[in-house]
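Okay, structure first, notes after.
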There are 4 protein chains.
Amino acid sequence: MAKEETSAKKPGRPRDPAVEAAVFAAARSLLGEVGYDAVSMEAVAAAAGVGKQTLYRRWPNKAALLVGACLVDATERVADPATGNLEGDIEQFLGGTFAALETTGPGLRFLMSQAGLDPSFRERFDADFASRRRDALREIICRHVKARRQVGPVIDMLYGAMWYRLLLGHGPLDARFARDLAAAAARALAA
Amino acid sequence: MAKEETSAKKPGRPRDPAVEAAVFAAARSLLGEVGYDAVSMEAVAAAAGVGKQTLYRRWPNKAALLVGACLVDATERVADPATGNLEGDIEQFLGGTFAALETTGPGLRFLMSQAGLDPSFRERFDADFASRRRDALREIICRHVKARRQVGPVIDMLYGAMWYRLLLGHGPLDARFARDLAAAAARALAA
Amino acid sequence: MAKEETSAKKPGRPRDPAVEAAVFAAARSLLGEVGYDAVSMEAVAAAAGVGKQTLYRRWPNKAALLVGACLVDATERVADPATGNLEGDIEQFLGGTFAALETTGPGLRFLMSQAGLDPSFRERFDADFASRRRDALREIICRHVKARRQVGPVIDMLYGAMWYRLLLGHGPLDARFARDLAAAAARALAA
Amino acid sequence: MAKEETSAKKPGRPRDPAVEAAVFAAARSLLGEVGYDAVSMEAVAAAAGVGKQTLYRRWPNKAALLVGACLVDATERVADPATGNLEGDIEQFLGGTFAALETTGPGLRFLMSQAGLDPSFRERFDADFASRRRDALREIICRHVKARRQVGPVIDMLYGAMWYRLLLGHGPLDARFARDLAAAAARALAA
DNA sequence: GTATAAGCGAGACGGTACGTCATGTCTTGAG
DNA sequence: CTCAAGACATGACGTACCGTCTCGCTTATAC
């Protein structure tokens, strides 16, 4: 097939793979500490022990860098649930997602806030992060549900509830909330 | 003591009342056109024909100014529905809410983003606006549902879905979405 | 007429006159210490306790700033010689000129370099400074010499020798050099 | 002695002799077009179709490279004069030198200006270029003159006059100027 | 042959400075 | 005391080069 000619040997020194890890770690740490606005490319570069040009070589702007930094742990933290039934799978998925928010919550809240403020970041954040999370949840739900039409709104309700509480803080994102949401979703999706 | 002669004749030139209106108009217009980040105090001052010092005399920073400019959006505007059944009432309430977003959407989106960024504003915004909207929806739902325990999460799901789409823009906030959400909620709340 | 009300009261805060003095002092000091290339606008700003923007508001670039800072060096300071004979007058004139270079040398060297790099400054520097010095020397020489045709090249030789050593530093600009040049010039101009 | 084991067969691939020519051509061309400051090693490398490392392997810095590039044509362009008398030889030497400036003048002007700005470049430029030209002229003069003591200042006067006009542009560097300088120098050196 | 060693084009790397922009403060003169 | 104007110190922006460091390749001598 030779489809993957992408990895043809390029000339010049190859990119140092350690850079990405160092940058993402620095970026996540700063994001959690001081918030999106106060994260500067200079600070990320300094914290990661990296030149500014190296950041701009790999990410076009701060938004892309931070989304990349958060994307990694969100996708790798939530295990695929397998309880066998719809409600249980949803509960487990949401429970895992909420648990991850213990550490990633502040950073993600900043990113979603930024999405509300900046249209171009909005697109990138949805395409690279939020829509992927919706797809992951959709896949789980669709294992048990045939009526596809109802699934979309229910996914928006589930993730919506999560973000709503994450942004406003008027209620906890705990195991009980996961259970309540899962129960409501399961009933909503029942034939 | 009557020390608080607030309206006592203060020395010096009085504040020009036209300034606030001009500034708010300029600010909302810029916010709609270019987005929060690209709004600068300098641009607001120039657009309003006002000196920068005048802005800083009245608002401590850009966020506060824009919050002031947008707070008028966070006002009740949805008529009380009366279709007689749960699903119909929810659909009508959400439909009205979504319709109002046509004009108030950008302002509210900015306010919710600001709530995500600023904890003190978060509290104020939830207490003065968001929780009141939840209460209004709760009252409507509770006309038809006795099982109170399930209501809270469903309200978060409904408003959550709305905000989720408002912030990310990945799907429309239209009559059909109101209908789908109402149907799902009604099933979730059914005994 | 009064058209030239250049100094008409302009609105806004007036420029702080202390800035120019502080900047020039910092610039000349840095120029003397580290040389033109190593002088950075950032260092000048820091040393003068001034913001970078303030520098760029007043001077378009580093060269212009330093030219301003050094132009004070380009001022007449040599007393008119009166030894009665050609060789003595030349020697005394050059000796005085060389002595002044003790302090003004670095600044003048920079200015001449700048003249070599920037054609428009070249014209200005020649008209306002270098040609006047040549005229001064010419007047002294012409007191003793009638053959005008030979004078021009000799003046270029004398000032040329000075600048050549000032720029390259391959030989001293001292009393002995003044004497040697005067002797050579006197012979060259002899009938 | 075999001290000069320079040409000992060294292991590894030998240096490509075409590189130096390509680099010098590119460097001279850039120097003439945009001036010393605006010449960057990256641009030279790109223009010569050469890697940056190749430049740094052969020249320690930009200054050395550009001096090298200009040295070549200055030394090879001026033929050894042989008119038989002092004044004629000087005139012919200067005439040839001035003629070469038609093409090399702008580049050399940049280099001399840079020498005035940068002490470390100053040394290199004098050692590798200017002092060699003075030596060439000294040799010619010393064929006819025994009184060595007067020669040094006269050489500074001759080359000084040339650079003075090259930098300030207040007079032409033509055959007549060469003749006038030669005549003055010959008289100055006469017993 | 087959190491070994250096040169080569390319380009990523940690840095420094650039010149621009916006922040929030300050200082004018006018009202 | 407010207002419009604009200078001020500060600090991040994104770019351009610096001089160094890998890469994979080429081109020599040495074993």
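Order of the sequence lines sets the chain letters (A, B, ...), proteins ahead of strands, with each chain counted from 1.
- Between Thr54(A) and Arg57(D), the residue whose closest nucleotide on DNA chain E is further toward the 5' end is Arg57(D).
- At a threshold of 4.5 Å between non-hydrogen side-chain atoms, the residues Glu33(A) and Val39(A) do not count as touching.
- Taking the centre of each ring, Tyr36(A) and Phe121(A) come in below the 6.0 Å mark.
- No side-chain heavy atom of Leu55(D) sits under 4.5 Å from any side-chain heavy atom of Val19(D).
- Ring geometry, Trp59(A) versus Phe24(A): the interplanar angle falls from 30° to 60°, so the pair is classed tilted.
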Let me see the working for Arg124(B) and Leu71(B) under side chain to side chain contact (heavy atoms under 4.5 Å, CB included), right down to the final yes or no.
CA-CA 11 Å; Arg124(B) 189 150 65 94; Leu71(B) 268 184; 4.2 Å; yes
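- Counting heavy atoms from C-beta outward, Leu108(D) and Cys70(D) have side chains that approach closer than 4.5 Å.
- Mapping Ala48(C) and Asp16(B) onto DNA chain F by nearest heavy atom places Asp16(B) closer to the 5' end of the strand.
- Rounded to whole Å, atom P of dC13(E) lies 10 Å from atom CG of Leu55(A).
- Put simply, CZ on Arg15(A) is 18 Å from C1' on dG24(F), counting in whole angstrom units.
- Taking only side-chain nitrogens and oxygens, Arg58(B) comes nearer than 4.0 Å to OP1 or OP2 of dC3(F).
- Around the CD atom of Gln53(B), the shell of radius 6.0 Å holds more than 12 heavy atoms that belong to other residues, nucleotides or ligands.
- Rounded to an integer number of Å, the gap from Leu30(A) CG to dA12(F) C1' is 14 Å.
- A heavy atom closer than 4.0 Å to some atom of DNA chain E occurs in no member of residues 22-29 of chain B.
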Whether each nucleotide of nucleotides 23-29 of chain E has a protein heavy atom under 4.0 Å at its base (B), only at its sugar-phosphate (S) or at neither (-) is summarised, 5' to 3', as BBBBBB-
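- For the pair Met112(D)/Phe125(D), a side-chain contact is recorded, criterion being any heavy-atom separation below 4.5 Å from C-beta on.
- Note: CH2 (Trp59(A)) to C1' (dC13(F)) measures 18 Å, nearest angstrom.
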